[in-house]
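Single-structure report; data block below.
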Amino acid sequence: MSDAAPVTLSAHNLSRRYGGREVIHNLSLELGRGEVLGLLGHNGAGKSTTLQMLTGALAPHSGEIAICGFDLARQPKQAKARIGFLPETPPLYRDMSVDDYLLFAARLRGMPRGVIAGALAETKRRCGLQDAGRKLVGTLSKGYQQRTGIAQAIIHGPEVIILDEPTVGLDPAQIRDIRALIRELGDAHSVILSTHLLGEVESVCDRVEILHQGRLIYGDSSARMQQYGHQPGFIVNLLAPPDISELQAISGVQQVERLSATRFRVLHQAGVNSGAALLALAGQCGWRAEQLVPLQSSLEEVFVKITRGETP
Amino acid sequence: MIATIAFKELRSLFAAPSTWLILAVLQFIFAWFFLARLDAFLQVQSQLAQLASAPGATQAVAVPLFGAAALILMLLVPVFTMRMIAEERRNQTMTLLATAPVSSTQIVLGKFIALLLFLLPIIASCLLMVLALGTGTQLDKGLLFANALGLLLLAASYAALGLYVSSLTAQPAVAAIAALAALFGLWLVEASATDNDSAWRLLAPTSHFESFNVGLLNSGDLGYFLLFCAAFLLLAVRRLNNNRIYG
């Protein structure tokens with residue numbers, strides 16, 4: 001997030017209880033224009049509750065939310081006009097046609113009459129709904145219903161777009177389309193995306209916040225999250241392997257593990273290019289190095305590490 | 001905003017085939033009743049003519065017709081109010097309204113106005129049938145007006161109560177049964193009050209409709225209906241607001 005980007009959504013110390021149980025504790029969040037934020041968490045971590053509070057569907061027990069400077073509790077009309085929300089279950093009227101439904105959504109958000117027709121055509125194009133305009137929402141397939149749900153969230157050109165698990169139940173091709181759409185939306189708007197699919201975070205989000213038992217326990221850029229607790233190293237194939245002690249002698253190498261007769265896992269110190277040294281040595285000594293693959297911790301591993309509270 | 005919501009509600013009411021079916025059956029029942037009353041009136045008309053102040057066609061046909069319509073609406077209005085809020089909640093479309101820049105008051109008023117606009121043609125159809133008699137006889141316009149206004153106010157108060165009950169639950173069927181039970185209870189209160197001046201009678205919308213039915217325009221009755229509608233609409237608004245607070 002560049003510091004120059006104007007803040008479109010800011011939430012301070014949100015708390016929410018259900019009965020006596022506090023499900024969200026002192027959650028604070030800030031989002032700038034042109035940013036895609038991924039909200040990660042296990043089932044029941046409080047993702048949906050958080051998003052409902054951010055959109056005004058649910059009032060927080062304490063804390064403040066401002067959308068583009070408008071307080072959600074005191075100036076709800078101005079604030080809500082700048083939000084587009086796709087809940088977990090898309091809020092679709094099954095007996096309406098897609099066109100009628102989207103027009104209703106646009107009017108409900110107070111769009112001026114003159115610009116609605118243009119916005120409808122543009123939104124349908126973006127969401128790939130050009131051919132579905134006259135069909136009844138109830139007769140559409142799950143994927144098209146999801147797209148219609150996204151379309152109602154973006155038709156009024158909101159500053160903040162909040163999507164609760166937008167790709168659940170879609171086939172891989174549709175998931176790819178929707179991720180591309182979210183990426184595109186992220187250029188001009190602010191997007192919050194809740195998901196438990198880590199691949200989604202990897203491919204579309206600039207920033208990640210991890211919600212665990214109602215608290216934000218980790219927040220960083222998604223690229224840096226992948227580096228979290230990561231030990232630099234690589235796996236190398238040596239067709240004519242030397243003794244393991246020779247590999248251990250290379251500068252910076254901390255640990256060598258033999259995975260098979262020709263495969264070795266080498267862990268080394270950060271900042272030391274042990275891979276290059278090994279390759280140079282392999283060339284000299286004729287170890288016939290074949291393949292060198294840097295170790296990359298998957299987001300899954302990182303996520304599990306973070307939610308378990310392990311420190312690197 | 002109110003108009004947008006009202007228009008959408010009307011559209012979805014008329015998009016359902018069951019609505020048309022109910023309207024058709026209703027029209028059939030009204031017509032049957034109207035013709036039966038007319039037939040009875042024509043049979044005794046010659047004898048009535050010998051009386052000094054004989055009841056006219058309006059009193060003999062229109063008054064019982066509107067009385068019957070009032071009773072039928074009591075059974076019918078809950079069928080239409082049940083979907084209004086309960087179904088939105090069940091289909092999770094309430095989120096769309098709750099996160100849109102509209103207040104709970106606008107949502108409730110939009111739905112209420114849609115119901116009124118929907119009930120208006122039903123009342124108008126009764127009125128038109130009676131007005132058709134005007135080609136053959138003199139009609140008591142004042143009595144007709146009082147009846148139509150009374151029926152409209154009665155229907156509005158039923159709609160307000162139904163809307164409130166609908167806002168209490170997420171199950172349309174429960175909303176319909178509960179609204180029907182409430183309306184029936186109010187009717188029973190009136191029916192069981194033996195004393196004509198009993199305070200209990202004042203509670204029931206039907207007893208206030210009776211004065212309209214006999215052609216009495218009473219500001220007290222008018223006030224009762226307006227208060228009844230306002231009270232239940234306000235309760236429905238409060239209920240929607242509480243939804244945001246209690247989840």
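Note that the coordinates shown come from a computational prediction; the quantities given were computed from them, not determined experimentally.
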(message) Take a 6.0 Å sphere around CZ of B:Arg239 and say whether it holds more than 12 heavy atoms from other residues, nucleotides or ligands.
(response) yes
(request) Measure the CG-OG1 distance between A:Leu58 and B:Thr95 for me, rounded to the nearest 0.5 Å. (result) 10.5 Å
(request) Can you tell which part of B:Glu87 gets under 4.5 Å to a heavy atom of chain A, answering side chain, backbone, both or neither? (result) neither
(message) Given heavy-atom pairs under 4.5 angstrom as the criterion, report whether the side chain, backbone, both or neither of A:His156 touches chain B.
(response) neither
(request) Kindly check if the number of other-residue, nucleotide or ligand heavy atoms within 6.0 Å of CZ (B:Phe30) is above 12? (result) yes
(message) A quick test of your reading: do over 12 heavy atoms of other residues, nucleotides or ligands sit less than 6.0 Å from CZ of B:Phe145?
(response) no
(message) If the contact rule is any heavy atom under 4.5 Å from chain B, which residues of residues 88-114 of chain A qualify, in numerical order?
(response) A:Thr89, A:Pro91, A:Leu92, A:Tyr93, A:Asp95, A:Met96, A:Asp100, A:Tyr101, A:Phe104, A:Arg107, A:Leu108, A:Arg109, A:Gly110
(message) So which residue, A:Ala81, A:Gly84, A:Ala153, ends up with the most heavy-atom pairs under 4.5 Å with chain B?
(response) A:Ala81
(message) Using a 4.5 Å heavy-atom cutoff, which residues in residues 63-80 of chain A come close to chain B?
(response) A:Lys77, A:Lys80
(request) May I ask you to check whether over 12 heavy atoms, not counting those of A:Tyr144, lie within 6.0 Å of atom OH? (result) no
